Amino acid sequence: MSAAQDESKGAQTVDVLAPVAVDTSYSYLAPPALGLQPGDSVKVPLGAREAYGVVWFVDDAERPRGNLKTVIARLDRPPLSQKLRDFIDWLARYTLTPRGMALRLATRAAEEAAPDTLRTLYRAGGKKPERLTPTRARVLEAAQGGMAFSKKALAEAAACSTGVIDGLVDEGALETIAAPPEPVARALDPDFAAPVLEPAQREAADALTEAVRARAFKPFLLEGVTGSGKTEVYFEAVAAALKDGGQALVMMPEIALTAQFLERFAARFGEKPAEWHSGVSERKRARIWRAAATGELSVVAGARSALFLPFRDLRLIVVDEEHEGAYKQDDGASYHARDMAVVRARIENAAIVLASATPSIETRVNAERGRYGHLRLHARAGSRAMPLLEPIDMRVEGAERGRWIAPRLALAMGETIARGEQALLFLNRRGYAPLTLCRDCGHRFRCTQCDAWLVEHRFRRALVCHHCGHTERRPDTCPECGAEDSLTACGPGVERLAEEAATLFPDARILVLSSDFPGGAERLRRELDEIAKGAFDIVIGTQLVAKGHNFPHLTLVGVVDADLGLGSGDPRAAERTFQLLNQVTGRAGRGDKPGRALIQTFQPEHPVIAALLSGDAEKFYAQEIALRERAGLPPFGRLAALIVSGKDAATAEAHARALARAAHELPTSSRYRVAALGGLPEADEIMMLGPAEAPIALIRGRFRYRLLVKAPRSADVQCFLRDLIAAAPKERGGVRVQIDVDPQSFL
Ligand SMILES: Nc1ncnc2c1ncn2[C@@H]1O[C@H](COP(=O)(O)OP(=O)(O)OP(=O)(O)O)[C@@H](O)[C@H]1O
Ligand SMILES: [Zn+2]
């Protein structure tokens, strides 16, 4: 026996998945000394380089070796649990994402991690300094008692510069010690400040805590009107998970903005939860990742990517504002975080709560059919009333030309401000004006890379494309005909409304809240906080202000254009508008005083507007659900979109046509049936619609065509899509095909 053969004796064969855009794992030999288990992280040779990967499968039996490469090393990283690996496999299969990319969602934070560095702390050193100034005395006094402090904390405590501390170290009056980094989250106390719940809240909270204790998969819809105290209810479920020593994940659509949520959490549990979103530093995210795996950390509040954390003992997932479109991730892997949260909860045997004042149709149907427990709060907490909603019919009492605030809304704003209360104007449009044109020649400013108008942003003195970010200076003369002073802004954005409000109320403190101002999330957080404290009389904002915020002084909401969004051909337009308008009007009257909302519309009789005004959500859901059922739309049928794009319109279109043809030429399958071209489809057949030019036909210089797959629930859509891609001609000439299972956007 040669030495090499001898060495391989007892070696394992392992399948390793690398977090790259491939679907398959590769086999390697692993020296027995590594003792590899599924879930372990390893370094392996991959092509010409070394890559990081996760062991998916271990085979201890002798296997023909071929010329397998050998695992280089095992990394010191908590293993990925079987459950998390199952979840990754599930997500990859369902969304048709390469498995490696799905794995990357879970390991990215760990990969990018710089090693934990030790911190330098300072404490009293025993020697007396040669010169004892009053400042130095203060430092030494602060460092009394053997405790160690960071340089910054010590300097702050003694109100001196950090140079003073360095001087004291040089003289031995202070000494330095190396300490591990601060914990990513402090221990939470489930009994820190338990609230007194109202009877309806109590009942819902009891159902949730019972489910958490049962350690079984149990989904709930927590449906409660705006301000009904849903947060306090699911906090009780979090408390139950904590009491059992388990972990909880609270997902929010705009976590970066929800400082208020973190404060409320701290008031309930004594400390803030670990926060997880793109604004958290890489190093910190790596530590949270590890702490979730070791169980050192118990609650994470995070954006959709928190769903992939390696929790050791996950007992509860809360998806707050479950209807939010922000849960759909569309670049890279395309998945719906709310739906995937339900899958993860099932795999983890955990309870899951989907909370909303206006649930998605999908969730609502699941609750009605008994698949989800349905917990309801019909009234606001603390005997507060729902806001009074009134329409302003813009056909008869609209604003004068060039203005957007109707007289009756202006009047209400004036009264509100005079009482020392706040008014909110809501318009879901950033910038100053959505279109700029030349009065002389009719020239319209368009993006050269996208099928879109350039939006004027007057504060930034620029014309901006909202699809690709292209920015140009607004010229003084028309680039087409050269006319001077001929450029006109058409239609309003929030900046233009602010101008109008300032003319109407010159003394009012006005704030425009928009995500495109410099300062980012930090600035928005501060501004939201200032609004809550009453620092402004009039707040003007896009959907950013609609979401889950609590502004106690806000009593009037003016919806400037309720019809915006209803006109699009999007199958979800009605649902989305209903949700958004409910959310935004729900900001009124959450404090001590009652709220009121005025809705400007050109079509007060539109079913969505009528349902909103009547406060009859039941009627809206009944109508919308019946409509979807008749049309075979989700959740009664399934949809998947194929977006074919290319630098050249003809090539992209040709490929889209080839895909459509391929669908009809697939061999028969037992998993699905494809409707014949031209004829009426049978109830159990998949329909292939398109290709059609996408509503936004050009984005970032790429021409786009869409195909829509409409399938009955009985069909295996994933299988169909996989067969279709395999049968389709190869993507050539820069053509890309993007698959979007359960699409939310149809643009
Ligand atoms: N039992 C209670 N007694 C008194 N006040 C309560 C109670 N529960 C909740 N509140 C208060 O009611 C307000 C609304 O609660 P919360 O923000 O939880 O509502 P929500 O249902 O999440 O609303 P939204 O869907 O609009 O975000 C908060 O100020 C909260 O402190
Ligand atoms: Zn553009």
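Keep in mind that this is a model prediction, so the values were computed, not measured. Whatever order the structure lists them in is the order used to number ligands and atoms, beginning at 1.
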Atoms of ligand 1 close to Asn550 [distance to a heavy atom under 4.0 angstrom, numbered from 1]: 13 (C), 17 (O), 28 (C), 29 (O)

First locate atom CD of Gln543, then atom CD of Gln583, and finally report the distance between them rounded to the nearest 0.5 Å. 10.5 Å

Compute the centroid of each ring, for Tyr372 and then for Phe220, and state whether the two points are separated by less than 6.0 Å. no

Which atoms of ligand 1 are found less than 4.0 Å from any heavy atom of Glu232? 8 (N), 9 (C), 30 (C), 31 (O)

Which bit of Arg380 gets closer than 4.0 Å to ligand 1, counting heavy atoms only: side chain, backbone, both or neither? neither

Ring centre gap for Tyr335 and Tyr94 strictly below 6.0 Å: no

Closest by any non-hydrogen atom to atom 18 (O) of ligand 1: pick that one out of Arg264, Arg587, Glu198, Glu321. Arg264

At under 4.0 Å between heavy atoms, which part of Ser228 makes contact with ligand 1: side chain, backbone, both or neither? both

So which of Gly227, Ser356, Ala381 gets nearest to atom 10 (N) of ligand 1, if we judge by its closest heavy atom? Ala381

Just by modelled atom types, is the Ala106 backbone N or O under 3.5 Å from a matching donor or acceptor in the Trp289 side chain? yes

Enumerated ligand 1 atoms positioned under 4.0 Å from heavy atoms of Thr231: 16 (P), 17 (O), 18 (O), 22 (O)

Check each atom of ligand 1 against the heavy atoms of Gly229 and keep those under 4.0 Å away; list them by number with element. 9 (C), 15 (O), 16 (P), 18 (O), 19 (O), 20 (P), 21 (O)

Check: Phe602 and Asp393 side chains under 4.5 Å, non-hydrogen atoms: no

Considering Arg590, His549, Gln583, which one's heavy-atom position lies nearest to atom 26 (O) of ligand 1? Arg590

Only one of Leu612, Asn582, Leu598 passes side chain to side chain contact (heavy atoms under 4.5 Å, CB included) with Leu389; say which it is. Leu612

